[in-house]
Structure formats: structure tokens, C-alpha cells
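In what follows, chains carry the letters A, B, and so on, assigned in the order in which the sequence lines appear, proteins first and then strands, with residues in each chain numbered from 1.
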Amino acid sequence: MSEPTTDIDRLQQRLSHVREEVGKRIVGQTEVLEGLLVCILADGNALLESNPGLGKTTMVRTVADVTDLDFSRVQNTPDLMPSDITGTEIIRESGGNREFVFEKGPIFANVVLADEINRATPKTQAALLEAMQEKQVTAAGETYELPRPFFVLATQNPIDQEGTYPLPEAQTDRFLLKLVLDYPSYEEERDIVNLYTGSGSGGAAPAVEKVLTREEIKQIQSLVREVPIADDVRDRAIRLVRATREAEMVEFGASPRASMGLVLTAKARAFMRGRNHVSWEDVEAMAPSVLRHRILLDFRAEREGLSTDDVIAELVDEV
Amino acid sequence: MSETATPTGSDAGDGDEPDRPTEERKIRQALTQIRREGWKVAIIYAVIDAALATLVVNLTATFLGGVPRLPARLPIPQVILRTLRETAGVTRAEPTVSSAAVVGVAVGLLVLAVEVAWRVRRPLVEQFEAANPTLQESLRTARDAVRQDQHSRMARRLYESVLADLKRASSVGLLDMRRVVVTVLLITVVSVATIQLAVVDISLAGLGDRPDANTPGGGTQSEYTGLQDGSSILGEPEDVPEGSEELDATIDTSGSGSGDGSDAESAAAYEDSGFSGPETVESQRAGFTEREQLEDAELIREYNLRIRQETNDE
């Protein structure tokens, strides 16, 4: 690897090093990993949908490990209260005095994995999403800033929907990306088995190196917003989002927040790939993740067996 | 065409935009240079196409014998003649020009103007981007960033990268060399055909030659004053037989300047018998067929005597 000539080169090299380190623990899933990193660089949050056992917790924990970020996990259940996430005031006795102190909840971490968010009650979901949006928590009249960088990864299970509280569209819109984990290929699954069941591993995850600090992540987040984008690429991205509102088989299209998200994630992807400008290829690559949870298909699409990704692909070809 | 050299260091035009960062200023200058290269390419195409159109129209009109509804030759305006005389010192003995050439030049100028306008209708930088696909997105982004006065770290980095790429890029891609070579070859062929047509003076029978003025002999008099076939002026060349027959000639010198009456004798002898040689000598044009017969020497003598007689009587 050549000697970095500038700080930007160095940061871009660090990012590729992050992927290498995560690759020590996660086999395959390169697109999802890229989506996770894009989400961190764009200072957004992601909704991760997958069947159980595909390694999403391991992936998020590994990303936190290589990036020197605090990690916490919340397992959502119907009896989970908002204060269980955000924290609450408790009475603490010291020296005969009693005082209320705020006990921070698991949301006070850089990376928060909210497992099966659709199993939490709407009230708890709202508390989590509000914290995610505002980057702060208010309890007993006091406002507490969440640590930066702050990144929520919420997962939901596409099967076994009984007793769940699906997120309303207005709340899913707050997630920058929706990433979908699919089953690994045969070769990838074989490598996973070898990696975690071999004699050398002892069942533990392989060690990874911290290669990116919090300060560097903040610098990158700032640089990502400075990545230039050509007017026609930006306009085309906006046309793509607007097309979701006019498409025949779409009942509910994406909001302007989707346009902002599409351009921002395209910038993050371009930066991560070492480019100094946004290419249409970046917009195309990020469009499904940005749009798939923001549009609702109508009965015609369902009748024809089209998924949201199919409709998005058609719209990308059209604009 | 040359490589699109980007301004560097001292030639970056420091005086015109001192407040702008160097990279941004260089990008602006590079864009100006790219537009200039685009104009060059448009003009190159237009000039060779116009030249070809001029020659083809001229050749066709000449071959057909002229331009319909126009005289074979058109007068050159006095303004042009005067300008030529005053600026270049050129004077024309005949202040006319072939109507075929005039129409050819007019068509050529029209082709030139239309083609230049047609080729520059699409933004020249976009044409350059299309000719250099590897630069397309980055150059376009840099162009937009410069227009929006972006000076961020990433924008400056993009400018540096684009400038480095431009140093390796070339505007030669804008020019289709095969097309240029083919057009130049066509120009050469049509030029040669034009010269050949002028030399052999071929014209499509009946279409061009109009009997503007009848010659006394009933033939037509062409107004063409350019290059003509030499044989039509001097006649068909023939071999002149070398004189092999020896003739004896006696020259009487008795009456030359002596003042003793020998002049009178000589004149009387001429009056009596005319020119007396041992053989009749006929004049002949050297190298060419005699085209007209000399009058009979006897007839000349007769006229001379009569004239002299009348003079003496007076």
C-alpha cells in the first residue's frame, strides 16, 4: 500500500482497512457491510431485516470493535418500557443523603443494536426513534446528549409476525437505510462453519484490530458532506425519488427525506471507494436500500408478484 | 490538435482572479482551453467541407458549361478590384470572374457557416467529455463545483485530480482523423478533375455553350479567356521538310546607291518583268501549315504600277 499523501487519503485507506478487519469475522455479506459503513459515514441509522442466525449481531459488534465505538444491545420485548432504553432517575443514598440521579440506559452508546424492534410496544418504539432522530434524551425535565457518533441498528424479523407491532411508515422513514441480509452461498456457509468450529477458534470470534477512532469517524462524516456531486446526477436522484410518487404500482411514494438520504449515502459510498465525486453508479447502488422501506406497493404489484426492489429497479432504468 | 495542456504555476493567469484558489482558477482556464479546442475542431471540419463543396460546385458548373440564368463571367466589383490593387498590388487585366467559381465560393461559405453553427450548438465541454469517457463524470462534477464556487477540501481534491487527468487527456479524440483524411483526398481528386477539365475544355454538349456572339464566318465565339489548347491557336504542328534542293539565285546589285541611272533601269526591269528568279518561291510559315495563300506576285506588281502611274500623273 502506498504512503498516504494527504489526510483524506489516509482516512480512505483506513476505511478499506476496516472492511478487511470485519472480513476476518464476517464471511460474505459485503453489500450489507458496505451499507452499514455508509450509514455510519452518513451519520444515519439502519433498519436491518433478516431471518435469525445470519450474524447481524456479530457484524454490528465487529464494526463497533474495529471502529473503537461503544456498543450496546437492546432486546425488544412487549414489556420493555421506554425508560429501559433511555434510562431513568433512581434514588441513590450516599452518606445518609438521598438524591435522584439519572441512570443512563443502553441507548447511551455509539452503536446501539435494537434487536427485533417490532416486538416492542409503539410507546417504546417511539422513545427509541425519537432518541435516534434528536440524538438526545429527555428525562425528568433534563436533556442528555447522546454520544457521537451515534448509530442505531434496528432489526426486524420478516417471519413470525404474531404479537408484533410493525413500525408505522412515518417511523420507518427515519431510518436512512433498510438493509436486507440474505442467506449465504454454499461456499460462504462452509467458510463460516470452518471459521467458528475449527480447533484454533475455540468457538470465539477471531480477534480484530481497532483501525478507526471516533474522531476520525467524525472527520469522515464531515468530509462526506463535502463530496461534490454533479448537478445532473443530483437532479436524476431527485427525479428517481419523485418517480416513486407517480409510479403506477406504488401506493405511497418516498418523501424528500429520501432524496436527501439518497444523495448523502451516494456521497458516502463514493468517499468509501476513494473517489472525489459522486457517480451515478453510487446513486444506483444506494437506491434500493434508501427507498425500499419508504414506498408501499399497491395490489397490482402484489398480484404480479413484484417486490419493492423490482419496482425500484424499473424506476432506476426509467429516469 | 494538441493535448489539452492545463495551465501551471507561472502561466496560471495570476492577475485576473487573485482571490480564487489556484486549483479552481486552473479548472476555469482548462475549461476555456477545452472550449477553444472545440472551436478549432468545428472550424477544421467546416473548412475542409466548405472547400470540398466549393470545388464540387465549381467543377459541376464548369462541366455543365455554366450556371443557369447567370452569364458565363461576372464582373468583379470595383471595390474589390481597388482593394486588391491597394493592399496586395494585384491588378487584373480582365475584371471578371467565372460565375461557376462565384457560385462555388458562395456555397462553400454557406457550408462553412452552417457547419460551424451546427457543431457548436452542443456545449463544447460536453463534446470533450464524450470524447474522453474516463473524464466525463469527474470533469462534469468539477465544472458544476466551480460554477457553484465550491472551495471545500473534497472539491479542491477533485480539482487536483481533474487537472492531473486533463494533462493526460487529449482533444484529438474530438477529431475523426479518418473523416478528415477522406475529405482531403476528395478535395485533391476534385481539384485535379477541375484542372483537367480546364485543360481539355470538356463541356456537356449543348448545355453550357451559348452562342452569345456570332462570328462573321457563322461560327460561335467563345467568351472563355482562360487556358486554351495551344493547337487551336497555332494550328496542328507538322514536320517541316528539310530543304535538300539547291537553287541558284542571281542578285543584281547594280542599282544600289550608285546614282548613275541604274535605279531607273532596275525599276524599269521590275516594271517589265516583275521579280525574276530562277524558280518561283512560295512563302511558308515555319513549322505550321499555311493557313492563307499569298496574293499572286503578278497581281501585286500590277497594283503597284497603277498606283505609281496615278502618282506620276498628278
*asked:* For A:Pro228 versus B:Gln150, what's the shortest heavy-atom pair and its separation?
replied: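 Smallest heavy-atom distance, with atoms named: CB-OE1, 3.9 Å.
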
[atom1] ([X]) with more than 12 external heavy atoms under 6.0 Å:
X	atom1	result
A:Arg225	CZ	no
B:Arg121	CZ	yes
A:Glu130	CD	no
A:Arg236	CZ	yes

*asked:* Looking at chain B, which one of A:Asp232, A:Val278, A:Val227, A:Val224 has the largest number of heavy-atom pairs inside 4.5 Å, strictly under?
replied: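 Among A:Asp232, A:Val278, A:Val227, A:Val224, the one with the most close pairs to chain B is A:Asp232.
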
*Rounded to the nearest 0.5 Å, how far apart are CG of B:Asp144 and NE2 of A:His277?*
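Reported to 0.5 Å precision, the distance equals 11.5 Å.
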
*asked:* Is there a side-chain contact between B:Gln148 and A:Asp231 in this structure, where contact means two heavy atoms from C-beta onward sitting under 4.5 Å apart?
replied: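 Counting from C-beta outward, B:Gln148 and A:Asp231 do come under 4.5 Å.
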
*Mind checking whether B:Arg153 and A:Ser222 have side chains closer than 4.5 Å, heavy atoms only?*
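Yes, at least one pair of side-chain atoms sits under 4.5 Å.
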
*Could you tell me whether A:Asp7 and B:Arg157 make a salt bridge, using a distance below 4.0 angstrom between a side-chain N and a carboxylate O?*
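B:Arg157 and A:Asp7: not salt-bridged.
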
*Could you tell me which portion of A:Leu223 (side chain, backbone, both or neither) has an atom closer than 4.5 angstrom to a non-hydrogen atom of chain B?*
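Interface part for A:Leu223: both.
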
*Taking the side chain from B:Glu137 and the backbone from A:Ala230, do they hold a donor-acceptor pair closer than 3.5 Å?*
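Judged by distance alone, no pair lies under 3.5 Å.
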
*asked:* For B:Ser161, which atoms come within 4.5 Å of any heavy atom of chain A: side chain, backbone, both, or neither?
replied: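 Just its side chain gets close to chain A.
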
*Using non-hydrogen atoms and a 4.5 Å limit, figure out which bit of B:Arg143 sits close to chain A: side chain, backbone, both or neither.*
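For B:Arg143, there is no contact with chain A at all, as no heavy atom is under 4.5 Å.
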
*Any residues in residues 30-45 of chain A near chain B, with a heavy-atom distance under 4.5 Å, and which are they?*
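Contacts with chain B: none.
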
